[in-house]
Amino acid sequence: MSSGDALYGRFMKDSHHLRPLRIMGVLNVTPDSFSDGGQHATLEQALHKGRQMIAEGADIIDVGGESTRPGSAPVDAATELSRVVPVIETLRAESDVVLSVDTTKPEVAQAALQAGANIINDVSALRGGDALAQLAAAHGAGLVLMHSRGTPATMQSLCQYDDVVKTVNDELLQAARRAQNIGVLASDIWLDPGIGFAKTAAQSLELLRRLPEMVALGFPVLVGPSRKSFIGALCGADVTQRLGGTAAAVAWSAVAGVAAIRVHDVAVMKQTAQVALAIARHSAEVTHAHA
Ligand code: HH2
């Protein structure tokens, strides 16, 4: 039995780990994102999708202006800014929903925070320097630290780990300590294993299986399995046909105790997480009562 199994057993007996779960809806204002590229590339399309996800009950909308899929082309800051800032400004004027900006560029993060974003979603976990943590600290914003290696051009050749879960957890903890030293509150730091980012399908599955080990680090955990290639590798499903696989990963992650799940299909995944949590809570209570 791995330490992940032991932790999982302990968590199942302790209903307190099943804290409220937030659904983060993905809003890619890009022409080339891996599953929805070009679908919300204009301001009107992006706002339509954002409003739809808010109506479906998204707790957070994650606005991104640069694809990070393997092989994607880098985008300059001016282009990224022009994609995300008008969307954030408009949604902020219309709604109290929590807004995050998916960027690794400090100038984009700064403009997004000024436009009303509440969270910086950094898929490089501060590999580019301290600037994103400094901005989060100065604005009292949340900071997502997602594990990745290399760039979209190189990440698929960077999947060598002895123990992928231990390495990812250690590296994220180091980044979190850095952010705390810069002044970001521990409760504002979210850890994310970076499903599919410099991870094989087997490694992504292992990170999901042992999510309770990341939850046990004490920071809120965010996970983004939605439509990703590990589902295609398992089921042979095209990127447009991965709803069932995504739902399985969402149910599992909810029960594992994550604080938030990043998804493209908000309504379906919110329901999936709600039912999974209700089942887990009930069985945890029953286990408790008979312990
Ligand atoms: N995955 C993607 C992008 N940003 N951020 C976090 N915190 N966690 C993730 O798992 C994550 C992320 C990739 O998905 P998507 O945004 O749909 O695609 P693309 O990068 O091609 O725009």
Side-chain angles (χ1 to χ4, degrees), residues 22-41 46 49-50 53 58-75 79-80 83-84 87 98-105 108-109 112 117-127 132 136 141-153 155-156 168 172 175-176 189-199 203-205 207-208 211 214 219-232 239-240 242-243 246 249-250 253 258-266 269:
R22 292 188 220 182
I23 298 293
M24 173 188 268
V26 181
L27 186 47
N28 287 320
V29 196
T30 57
D32 58 344
S33 286
F34 82 95
S35 77
D36 57 358
Q39 286 177 22
H40 330 110
K49 175 71 179 171
M53 292 193 295
D59 303 288
I60 307 169
I61 303 290
D62 186 39
V63 185
E66 179 178 34
S67 172
T68 46
R69 77 179 156 76
S72 61
V75 167
T79 306
E80 207 181 316
R83 291 176 181 172
V84 300
V87 176
V98 174
L99 294 169
S100 81
V101 60
D102 187 346
T103 189
T104 55
K105 297 187 184 71
V108 176
N118 313 93
I119 299 175
I120 303 171
N121 175 17
D122 174 16
V123 300
S124 76
L126 302 181
R127 280 191 292 117
L132 291 174
L143 179 64
V144 177
L145 300 171
M146 194 205 80
H147 184 272
S148 60
R149 286 178 168 176
T151 63
M155 65 185 178
Q156 280 177 310
V168 167
L172 287 180
I189 298 172
W190 306 54
L191 306 183
D192 183 328
I195 299 299
F197 285 79
K199 318 286 180 340
Q203 289 163 346
S204 288
L205 287 172
L207 282 160
L208 287 167
L211 268 177
M214 185 171 286
F219 293 91
V221 170
L222 167 70
V223 66
S226 187
R227 303 180 183 174
K228 288 211 173 143
S229 61
F230 77 93
I231 302 169
V239 72
T240 60
R242 295 179 184 165
L243 207 59
T246 300
V250 165
S253 302
V258 302
I261 311 186
R262 183 180 183 276
V263 295
H264 299 85
D265 306 284
V266 167
M269 298 310 156

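All ligand and atom numbering here is 1-based and tracks the order in the structure.
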Using modelled atom types only, decide if a donor and an acceptor are shared between the side chain of Asp122 and the backbone of Leu126 within a distance under 3.5 Å.
-> yes
Is the backbone N or O of Gly196 less than 3.5 Å from a side-chain atom of Ser204, with the two atoms forming a donor-acceptor pair by type?
-> yes
Which protein residues have a heavy atom closer than 4.0 Å to any atom of ligand 1, listed by chain and number?
-> Val26, Asn28, Ser33, Phe34, Ser67, Thr68, Arg69, Asp102, Asn121, Val123, Val144, Met146, Asp192, Phe197, Leu222, Gly224, Lys228, Arg262, His264
Side-chain (Lys199) to main-chain (Phe197) donor-acceptor, under 3.5 angstrom = yes
Main-chain N/O of Asp32 paired with Arg69 side-chain donor or acceptor, under 3.5 Å = yes
Results of side-chain hydrogen bond (donor to acceptor under 3.5 Å, both in side chains) for Arg242 - residues two or more places apart only | none
Is a side-chain N or O of Arg127 found less than 3.5 angstrom from the main chain of Ser148, in a donor-acceptor match?
-> yes
